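All remarks here apply to the structure that follows.
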Amino acid sequence: MSKSAELARLIRVYTGDEGPEIGLVLGSGLGHLAQEVEGIAIPYSDLPGFPQAGVSGHNPNLVIGTLEGVRVAVFGGRAHYYERGNPDEMRLPLETLRALGCDKLLLTNAAGSLRADIPPGALMMLNDHMNFSGLNPLIGEPSDARFVPLTDAHDAQMRAALSHAAQAEGLPLAEGVYGWFSGPSFETPAEIRAARILGADAVGMSTVPEIILARFLGLRVAAVSVITNMGAGLKPDEAISHEQTKAMAPVGAAKLEKILRRYLQSL
Ligand code: HPA
């Protein structure tokens, strides 16, 4: 039996047979939603092969239960490439989600904005992405399935439903292109200027590997960034820091939570 099938069997012992309809990955400072789920929290440390390293602002539990009447699997923490140098750290968690019968994934993250009209506290749904890292979670994957098309990676139907949910809540939800930098250092002002010229609207250190893995695994996927700061050099009087990310994330997260709840009601 594959590792993910074994983990799915283990998880079903806690949750019963009915699998989650959607998986949610919560980014830095966005963990509150996990506490709102009626269900059980399984620490990653009880799930062999799940990422054990942690970033402050993340909560390493898999919470399975219901939110707004929908069966959800909430990943309270994600592993990033910059933690241990593995771009495929989230492969087993996402394979396990798939093995539980789930076919949709919604990713959230904290990001720096490159656009004055998407300021800190705002939300940006990804309509595409750019991989500035040169890394890929599928390097080493031997099957031909590794040649994943990413033309329509950001699921049109999920995006339309999220936009609709935002409108229904009366909350602005910008759309744009997310650029993945490996981190953990923040970008330089020159990198931010270059990313802007190339068409990025926001930058961050996560999410793109999971989008690639999700498409590889046949999961439909969409992602939303909570803007916590302007990109390096765009606001010279403001220092960029992880503290700022954690402090600003809850501002956008409160709005994102309303949109996500409304979105779940539409499923
Ligand atoms: N750059 C990269 N990652 C980030 C940023 C940023 O400015 N803000 C939050 N995560």
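Just follow the structure's listing: the first ligand is 1, and inside any ligand the first atom is 1. Everything numeric here is computed off the predicted structure, so don't read it as measured data.
- With hydrogens and angles left out, the side-chain atoms of His80 and Glu83 include a donor and acceptor closer than 3.5 Å.
- Listed by atom number, the atoms of ligand 1 under 4.0 Å from Thr245 heavy atoms are 9 (C).
- Partner Glu210 forms a salt bridge (Lys or Arg N to Asp or Glu O under 4.0 Å) with one of Arg215, Arg78, Arg91 and no other, that one being Arg78.
- Under 4.0 angstrom from ligand 1, the non-hydrogen atoms of Phe186 all belong to its side chain.
- Heavy-atom neighbours of Arg146 CZ from other residues, nucleotides or ligands within 6.0 Å: above the threshold of 12.
- Heavy-atom proximity to Glu187, at under 4.0 Å, picks out these atoms of ligand 1: 1 (N), 2 (C), 6 (C), 7 (O).
- By the criterion of a heavy-atom distance under 4.0 Å, neither the backbone nor the side chain of Asn109 is placed next to ligand 1.
- Enclosure of atom CG in Asp117 by more than 12 non-hydrogen atoms of other residues, nucleotides or ligands within 6.0 angstrom is indicated.
- Note that the OG atom of Ser4 and the CD1 atom of Ile11 stand 10.0 Å from one another [nearest 0.5 Å].
- Contacts between Ala111 and ligand 1, counted as non-hydrogen atom pairs separated by less than 4.0 Å, involve the backbone only.
- The aromatic rings of Phe50 and Phe75 lie parallel to each other, with less than 30° between the two planes, well short of the 60° mark.
- Ligand-side atoms of ligand 1 in range of Gly204: 2 (C), 3 (N), range being under 4.0 angstrom from any heavy atom.
- Distance CG/Leu24 to CG/Leu264: 6.0 Å, rounded to 0.5 Å.
- At under 3.5 Å, not a single nitrogen or oxygen of Ile240, backbone or side chain, sits near a nitrogen or oxygen of ligand 1.
- The protein heavy atom nearest to atom 5 (C) of ligand 1 is Gly112 N, 3.4 Å.
- Listed by number with element, the atoms of ligand 1 under 4.0 angstrom from any heavy atom of Met205 are 2 (C), 3 (N).
- In terms of protein heavy-atom proximity, atom 7 (O) of ligand 1 is closest to Asn229 ND2, 2.9 Å.
- Among all non-hydrogen protein atoms, the one lying nearest atom 10 (N) of ligand 1 is Ala110 O, 3.3 Å.
- Across Leu126, Val25, Asp155, Leu107, a single residue satisfies side-chain contact (heavy atoms from CB on, under 4.5 Å) together with Val221, and that is Leu107.
- Atoms of ligand 1 lying under 4.0 Å from at least one heavy atom of Thr228, given by number and element, are 8 (N), 9 (C).
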